[in-house]
**Student:** 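Could you have a look at this structure, given as structure tokens, before my questions?
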Amino acid sequence: MRIATWNINGVKARIDSLTRWLEESAPDIACLQEIKSQDETFPAEAIERLGYNIATHGQKGFNGVALLSKRPLEDVMRRLPGDDADEHSRYIEATVSTDTGAVRVASIYLPNGNPIDTEKYPYKLAWMDRLLIHAEGLLATDTPIVLAGDYNVIPLPDDARHPDRWTDDALFQPESRAKHRALVNLGYTDAQRAVDNSDGIYTFWDYQAGAWQKNNGIRIDHLMLSPQAADRLTGVTVEKQTRGWTKPSDHVPVVATLDL
DNA sequence: ATGCCGTTTCGTAAACGA
């Protein structure tokens with residue numbers, strides 16, 4: 001089973017790229033972020049035509065996450081628990097049954113947190129605290145868990161081409177990195193690092209200042225695997241080619257293959 | 001560097017992103 005995460009930066013602006021990618025890569029499950037669409041206006045037909053079931057948690061204009069799956073999506077949960085006042089659509093979770101069992105998958109759009117001297121940064125850190133509590137609770141089951149998404153965290157200096165340029169950025173603050181590391185310490189495995197610990201692996205290149213042409217990238221899109229899921233991991237692919245397509249997202253898909 | 005670029009909205013400039 002191949003499980004993908006992709007921040008597509010607007011599903012309506014990206015529908016042609018999304019359908020092309022679904023046809024060419026054909027993941028079993030795709031976790032999308034920044035759909036920037038309400039549920040009612042999500043372009044479902046073009047995706048269903050390719051054989052995918054869809055569950056969305058959208059809102060107008062910003063944020064928004066979705067799950068696409070060739071197999072049915074069961075027990076869909078929208079919103080991250082822990083703050084009923086949080087109106088941002090950043091979390092959706094569902095179970096997909098396989099021939100040998102099941103996997104519980106989440107699509108996560110973790111807050112950016114910039115600038116760090118505004119309320120956006122403590123919102124990010126509080127959101128990560130909520131994620132840690134929920135992620136710990138998920139480990140109580142025997143079902144393999146995949147928490148996939150745009151974490152907006154650069155875990156280590158090797159995850160940036162120019163780490164020195166990110167020292168004042170919310171994505172690279174010690175607190176942001178520590179809370180991501182806390183997820184690892186709970187028992188979750190960064191799928192990419194489990195299969196390849198080399199530097200120069202990036203998933204985001206800014207639209208500005210020729211970042212793609214200069215390969216000035218960062219690795220912020222992660223698939224975090226529970227122990228039961230990590231045991232099944234056989235490979236990870238970063239589908240960089242999509243960044244060179246016409247009208248690209250600034251993020252590229254990351255696909256993990258699990259023997260499920 | 002208050003910059004660069006791209007998407008979205010009760011739009012045509014401003015908010016947001018990373």
Side-chain angles (χ1 to χ4, degrees), chain A residues 5-19 21 31-43 46 56-66 86-91 107-125 127-128 131 148-177 179-180 192 200-222 238 240 242-254:
Chain A
T5 181
W6 191 14
N7 179 323
I8 57 172
N9 188 18
V11 69
K12 291 188 279 283
R14 214 70 62 210
I15 188 61
D16 290 344
S17 295
L18 176 60
T19 53
W21 172 70
C31 306
L32 305 181
Q33 301 88 36
E34 279 207 90
I35 61 174
K36 297 187 176 180
S37 168
Q38 295 175 104
D39 296 338
E40 311 82 68
T41 49
F42 187 89
T56 61
H57 185 212
Q59 69 180 96
K60 184 186 286 287
F62 306 103
N63 306 321
V65 288
D86 182 2
E87 296 297 331
H88 289 197
S89 296
R90 298 181 175 277
Y91 191 92
S107 180
I108 294 171
Y109 179 45
L110 208 145
N112 172 307
N114 281 305
I116 58 176
D117 59 354
T118 67
E119 71 288 346
K120 291 172 185 288
Y121 185 54
Y123 170 65
K124 173 183 191 145
L125 297 179
W127 205 95
M128 294 187 84
L131 178 63
D150 175 1
Y151 278 73
N152 271 317
V153 174
I154 303 166
L156 291 169
D158 273 358
D159 295 310
R161 177 70 183 277
H162 298 293
D164 54 302
R165 298 184 190 177
W166 296 92
T167 51
D168 294 327
D169 196 287
L171 280 61
F172 198 51
Q173 290 306 294
E175 294 91 344
S176 307
R177 295 166 57 192
K179 290 183 189 300
H180 180 265
Q192 177 65 70
I201 302 169
Y202 309 129
T203 65
F204 169 91
W205 295 260
D206 202 292
Y207 288 123
Q208 304 182 66
W212 168 245
Q213 289 75 12
K214 298 175 191 169
N215 193 28
N216 175 15
I218 51 177
R219 192 178 73 90
I220 57 175
D221 299 274
H222 310 300
V238 179
K240 275 179 73 168
T242 61
R243 189 62 178 78
W245 288 357
T246 306
K247 269 190 75 178
S249 171
D250 39 7
H251 297 249
V252 300
V254 184

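Only heavy atoms go into these numbers, but all of them, side chains included; no hydrogens, no water, no symmetry mates. Every chain is numbered from 1 and lettered A, B, ... according to where its sequence line falls, protein lines coming before strand lines.
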**Student:** So, under a plain 3.5 Å distance rule, would you say the side chain of A:Asp169 forms a donor-acceptor pair with the base of B:dA18?
**Tutor:** no
**Student:** Can you measure A:Gln33 atom CD to B:dG17 atom P for me and round it to whole angstrom units?
**Tutor:** 15 Å
**Student:** Side chain to side chain donor-acceptor pair (under 3.5 Å): which pairs involve residues 163-173 of chain A, sequence neighbours left out?
**Tutor:** A:Asn114-A:Asp169
**Student:** Measure CD/A:Glu119 against C1'/B:dC16 and give the value in whole Å, please.
**Tutor:** 13 Å
**Student:** Give a yes/no on whether any side-chain N or O of A:Asn114 is located under 4.0 angstrom from OP1 or OP2 of B:dC16.
**Tutor:** no
**Student:** Counting just side-chain N and O atoms, does A:Tyr109 come under 4.0 Å of either OP1 or OP2 of B:dA18?
**Tutor:** yes
**Student:** Who are the side-chain hydrogen bond (donor to acceptor under 3.5 Å, both in side chains) partners of A:Asn215, not counting sequence neighbours?
**Tutor:** A:Trp205
**Student:** Scan nucleotides 2-10 of chain B nucleotide by nucleotide, 5' to 3', and note B when protein non-hydrogen atoms come under 4.0 Å of the base, S if they reach only the sugar-phosphate, - if neither.
**Tutor:** --BBSBSSS
**Student:** Please name the residue in the list A:Asp150, A:Thr5, A:Asn9, A:Ile8 that meets the side-chain contact (heavy atoms from CB on, under 4.5 Å) test with A:His251.
**Tutor:** A:Asp150
**Student:** State which residues pass side-chain hydrogen bond (donor to acceptor under 3.5 Å, both in side chains) with A:Tyr109; sequence neighbours excluded, sorted by chain then number.
**Tutor:** A:Glu34
**Student:** By salt bridge (charged side-chain N to carboxylate O under 4.0 Å, His left out), which residues pair with A:Asp159, not counting sequence neighbours?
**Tutor:** A:Arg193, A:Arg219
**Student:** Tell me the interatomic distance from A:Tyr123, atom OH, to B:dC16, atom C1', rounded to whole angstroms.
**Tutor:** 13 Å
**Student:** Quick one: A:Tyr202 OH to B:dA18 C1', roughly how many Å, whole number?
**Tutor:** 16 Å
**Student:** Mind checking side-chain contact (heavy atoms from CB on, under 4.5 Å) for A:Gln38 and listing every partner two or more places apart, or none if nothing turns up?
**Tutor:** A:Glu40, A:Thr41, A:Lys60
**Student:** For A:Tyr202, enumerate each residue passing the ring-ring contact (aromatic ring centres under 6.0 Å, His included) test, keeping only those at least two apart in sequence or located in another chain.
**Tutor:** none
**Student:** Which of residues 148-160 of chain A have a heavy atom under 4.0 Å from DNA chain B?
**Tutor:** A:Asp150, A:Asn152
**Student:** Looking at residues at least two apart in the chain, or sitting in another chain, which of them share a salt bridge (charged side-chain N to carboxylate O under 4.0 Å, His left out) with A:Asp86?
**Tutor:** A:Arg130
**Student:** Can you name the closest pair of heavy atoms from A:Val153 and A:Arg177 and give their distance?
**Tutor:** CG1-CA, 4.1 Å
**Student:** For A:Lys120, report the nucleic acid contact type (base, sugar-phosphate, nothing); a contact means any heavy atom under 4.0 Å.
**Tutor:** sugar-phosphate
**Student:** Does A:His251 put a side-chain nitrogen or oxygen below 4.0 Å from OP1 or OP2 of B:dG17?
**Tutor:** no
**Student:** Give A:Asn7 one of three labels, base, sugar-phosphate or nothing, depending on what nucleic acid heavy atoms sit under 4.0 Å from its own.
**Tutor:** sugar-phosphate
**Student:** With C1' as the reference atom in both, quote the distance from B:dT7 to B:dA18 in angstrom, rounded to an integer.
**Tutor:** 14 Å
**Student:** For A:Pro43, give me all partners under side-chain contact (heavy atoms from CB on, under 4.5 Å), at least two apart in sequence or on another chain.
**Tutor:** A:Val11, A:Lys12, A:Ile15
**Student:** Take the protein atom CZ of A:Arg219 and the nucleotide atom C1' of B:dA18, then report the distance between them rounded to whole Å.
**Tutor:** 16 Å
**Student:** Work out how far the C1' atom of B:dG6 is from that of B:dC10, and round it to whole angstrom.
**Tutor:** 22 Å
**Student:** What distance, rounded to whole Å, do you find between the two P atoms, one in B:dA14 and one in B:dC4?
**Tutor:** 13 Å
**Student:** Whole angstroms only, please: what is the CG-P distance between A:Asn216 and B:dA18?
**Tutor:** 15 Å
**Student:** Under the side-chain hydrogen bond (donor to acceptor under 3.5 Å, both in side chains) rule, collect the residues that match up with A:Gln59, sequence neighbours excluded.
**Tutor:** A:Asn63
**Student:** Which stems does DNA chain B form, counting runs of 3 or more consecutive Watson-Crick or G-U wobble pairs with both distances under 3.5 Å?
**Tutor:** B:5-9 with B:13-17
**Student:** Side chains of A:Asp117 and A:Tyr121: does their closest heavy-atom pair fall under 4.5 Å?
**Tutor:** no
**Student:** For the P atoms, the ones on B:dA15 and on B:dA1, what distance do you get once it is rounded to whole angstrom?
**Tutor:** 23 Å
